[in-house]
Q: 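Submitted below is the structure of interest, expressed as structure tokens.
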Amino acid sequence: MTWIAEHLWLIPILPLAAAGITALTKQAYRRFASSLAIWAMFGALVLSCMAFVSTLGRPTSAANLHEVHNFDWFQIGETTLRLGWVLDPLTAIMLVMVSFVSLLIFIYSVGYMAHDENYTRFFCFLSLFAAAMLGLIISNNLLLLFICWELVGLASYLLIGFWYHKPSAVAAAKKAFITTRIGDVVFFLGILWLYSQAGTLLFYDHGNGCLEKSLLTELVGRTTVGGMAVTTGIGLLIFCGAIGKSGQVPLHVWLPDAMEGPTPVSALIHAATMVAAGVFLMARVFPILDPNSIGVTGSAAALTVVTWVGVITAVFAACIAVAQTDIKRILAYSTVSQLGFMMMGLGVGGVAVGMFHLITHAFFKALLFLGAGSVIHGCHEEQDVRRMGGLRKWMPVTFATYAIGMMALSGVPIFFSGFWSKDEILHAAHGWHVSHAPFYLGIFGALLTAFYMTRQVCYVFFGKYRGESHEQRSALQEKSELVTHSAHSASDPHESPRVMIWPLIILATFAVVLGFIGTPAWPWFQNYLMGKKAVLNFGELVQPDVVSVLLMSTAVVIVGIGLGGWLYGLKSVNSADELDVLERVRPDIYILLKNKFYVNEFYEATIIRFNAWWAEFCDTLDYWVWNGIVLAISYSILGLSWVNRIFDENVINLGFDEGCRELRQGGRLLSLLQNGRVQNYLRIIGIALVVLILALIWGCRAS
């Protein structure tokens with residue numbers, strides 16, 4: 001075992017230690033807090049790169065693909081619970097992605113949160129978030145993974161509600177926490193079921209882990225309700241946890257509301273950490289979903305469910321994104337849609353297909369969110385795209401990097417990573433033996449993605465500026481005479497500081513180059529995850545099925561961007577109050593999409609209302625029934641105590657007291673006979689003698 005595999009725990013420990021130290025640091029030590037968090041994450045990145053390098057060039061046998069370090073945690077009777085960590089290509093590539101993207105977000109946060117009064121606390125929460133995600137990645141035990149999974153949920157709650165003075169942020173934090181707990185409860189049931197069936201929660205344990213061939217061979221032969229395989233049931237329960245964490249339908253409602261947190265938090269949640277955790281979980285337990293992937297003949301029904309949930313989510317969220325006006329919410333629904341694509345990729349093509357899109361998406365979505373933060377920062381906290389416009393002349397670097405991210409997300413051909421990773425998913429869907437519907441729905445989702453991202457870019461960077469103008473602020477200043485001349489110039493949009501710009505440039509670079517590690521001509525990424533050696537073969541690019549999908553996805557992107565540019569670029573928006581083009585054409589459909597298909601309202605009218613009614617019913621039951629019963633019993637006991645007291649005082653005590661009084665008086669009289677006076681004794685004897693004589697005389701006469 002390599003040194004880094006044995007000491008893999010150091011990677012999450014570094015940011016965790018930074019979070020612990022920062023938690024004890026005074027708010028005044030701002031620079032210390034940010035520096036500690038950044039250097040801890042840099043150390044984690046260095047160790048992650050070491051882990052990644054150690055996985056290169058390994059032998060291709062399955063036994064050598066996973067390096068594990070397991071240890072006894074505690075023992076109850078004869079049962080020992082073991083934990084551990086695993087180093088394999090899946091772990092290594094995720095460690096590098098999470099630590100690298102998180103490091104850039106940490107650096108960006110120095111500029112974005114510079115004026116926040118809780119700056120120190122913010123970096124404490126960021127470090128905790130990153131540590132939990134890194135711990136989740138290295139886990140070789142489903143219980144340890146679940147512990148880190150819950151810590152990710154806690155950190156997301158703290159960060160989404162970081163601006164706790166805003167009611168909307170508090171509500172969003174609670175919504176995210178509670179919604180994801182729904183999936184987590186079912187996930188935990190899956191963990192219990194797996195342990196009851198397998199007797200272990202270790203993924204890899206030298207042939208005895210729950211993801212290894214020998215144990216899965218036993219599990220696939222067992223059935224449950226309706227003849228369903230045990231592995232299918234367990235896989236579906238675990239998938240419920242991923243549905244919550246990765247914002248899949250129907251538990252997607254928390255993800256757009258998470259935008260209430262600071263923009264670096266949005267980037268961290270939507271790109272590198274929380275939402276990626278669900279997809280990573282499915283990739284990690286993939287042998288349970290599809291035992292055939294490791295040579296065990298079994299049902300892959302759970303994988304079919306994953307596919308359909310993913311494709312429905314991808315199209316559903318893309319439709320909603322078309323009609324949103326908040327710059328961050330557009331990206332949020334885009335994230336939900338892309339997560340659907342990842343789930344679909346896992347279902348139709350396997351781990352490599354889904355994970356390739358996860359890795360490329362992490363970089364260009366982090367770029368887009370940080371770019372959106374730069375726009376918001378430059379527009380003085382404005383988030384409505386209708387009140388922006390023409391920002392490319394004020395923010396040229398932000399515009400250039402954002403455009404790269406937009407093209408990567410839209411899948412612009414050849415030079416952008418999103419094209420290759422999304423095309424890989426569509427190609428796998430095209431050959432899916434179950435149904436061709438996911439392929440056509442995926443094509444439609446890709447069309448919508450190109451359209452709504454072009455719409456957003458046109459609204460934000462093209463046309464004329466529709467925000468509060470310099471002249472308007474000057475007029476307000478002349479009236480109020482409260483704003484200085486320096487404040488006017490600050491009213492115009494402006495480029496962000498270098499500490500925010502450089503992360504954008506780095507992410508934009510990776511948004512381009514990452515796509516080339518997974519092309520059909522050189523599928524390095526796919527082969528790396530399987531422990532195989534990639535071979536460069538340009539002939540794969542001209543295979544008929546590959547060419548047909550490439551041409552179709554290219555045509556879809558061109559149509560989507562062209563339609564968006566025609567509607568929102570050529571026909572530029574002149575006023576922030578002007579109706580959207582789609583709203584003028586089909587107001588009914590636009591309002592439906594703008595209101596997110598009324599899913600939140602549906603939940604409000606059904607589940608939440610029922611929950612509120614049930615809570616009120618329980619409160620009423622508790623107050624009037626259970627509380628009434630308790631009060632009745634208590635009053636009955638109190639009444640009996642009063643009766644007992646009266647009986648005790650007026651019967652028992654009174655009788656006893658009177659008896660004692662009579663006895664005392666009798667004793668007093670008897671004491672008079674024994675007072676020690678002889679004359680009294682003689683007097684009594686004389687009286688007694690007279691009485692006796694009289695009695696004898698009366699007796700003799702009577703006889």
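Hydrogens, waters and symmetry mates play no part in the numbers below; they use all other heavy atoms, side chains included. Small disclaimer: the values here were computed from a predicted structure and weren't measured.
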Q: Taking the six-membered ring for Trp, are Tyr452 and Tyr459 closer than 6.0 Å centroid to centroid?
A: no
Q: Considering residues, nucleotides and ligands other than Phe42, do more than 12 of their heavy atoms fall under 6.0 Å from its CZ?
A: no
Q: Hey, are Gln338 and His357 close enough side-chain-wise for a donor-acceptor pair under 3.5 Å?
A: yes
Q: Looking only at the aromatic ring of each residue, does the gap between the centers of Trp394 and Tyr465 stay below 6.0 angstrom?
A: yes
Q: Please check: side-chain N/O of Arg30 versus main-chain N/O of Ala114, any donor-acceptor pairing under 3.5 Å?
A: yes
Q: State, to 0.1 Å, how close Ile11 and Ser48 come at their nearest heavy-atom pair, and which atoms those are.
A: CG2-OG, 3.7 Å
Q: So do Leu136 and Glu150 actually touch side chain to side chain, heavy atoms under 4.5 Å?
A: no
Q: Carefully, step by step, assess Thr360 and Ser417 under the rule side-chain hydrogen bond (donor to acceptor under 3.5 Å, both in side chains).
A: CA-CA 6 Å; Thr360 59; Ser417 59; 4.8 Å; no
Q: So for atom CZ, which belongs to Phe162, do other residues, nucleotides or ligands contribute more than 12 heavy atoms lying within a distance under 6.0 Å?
A: yes
Q: Assess, by modelled atom type and distance only, whether the side chains of Thr335 and Lys365 contain a donor and an acceptor separated by less than 3.5 Å.
A: yes
Q: Is it the case that more than 12 heavy atoms not belonging to Arg31 sit under 6.0 Å from its CZ atom?
A: no
Q: Do you know which of Met453, Gln324, His270 makes side-chain contact (heavy atoms from CB on, under 4.5 Å) with Leu331?
A: Met453
Q: Is it true that Phe416 and Phe364 have ring centroids separated by less than 6.0 Å?
A: no
Q: Is the ring centre of Trp254 less than 6.0 Å from the ring centre of Phe177?
A: no
Q: Is the distance between the ring centroids of Phe356 and Trp524 less than 6.0 Å?
A: no
Q: Between Arg284 and Asp88, does any side-chain N to carboxylate O distance fall below 4.0 Å?
A: yes
Q: Using a strict cut-off of less than 4.0 Å between a Lys/Arg side-chain nitrogen and an Asp/Glu carboxylate oxygen, indicate whether Lys328 and Asp326 qualify as a salt bridge.
A: no
Q: Would you verify whether the NZ or CZ of Arg329 falls within 45 degrees of the ring axis of Tyr333 while also being under 6.0 Å from that six-membered ring's centre?
A: no
Q: Assess the side chains of Trp163 and Asp116: does a donor N or O sit below 3.5 Å from an acceptor N or O?
A: yes
Q: Tell me whether the guanidinium CZ or amine NZ of Lys422 lies under 6.0 angstrom from the six-membered ring centre of Phe341 and within 45° of its axis.
A: yes
Q: Does Glu381 have more than 12 heavy atoms from other residues, nucleotides or ligands lying within 6.0 Å of its CD?
A: yes
Q: Testing the 3.5 Å rule here: is there a donor-acceptor pair between the side chains of Ser374 and Tyr402?
A: no
Q: Check for me whether the distance between the ring centres of His380 and His494 falls short of 6.0 Å.
A: yes
Q: Quick one: does Leu145's side chain get under 4.5 Å of Leu281's, heavy atoms only?
A: yes
Q: Before we go on, tell me: are the rings of Phe123 and Tyr119 under 6.0 Å apart, centre to centre?
A: yes
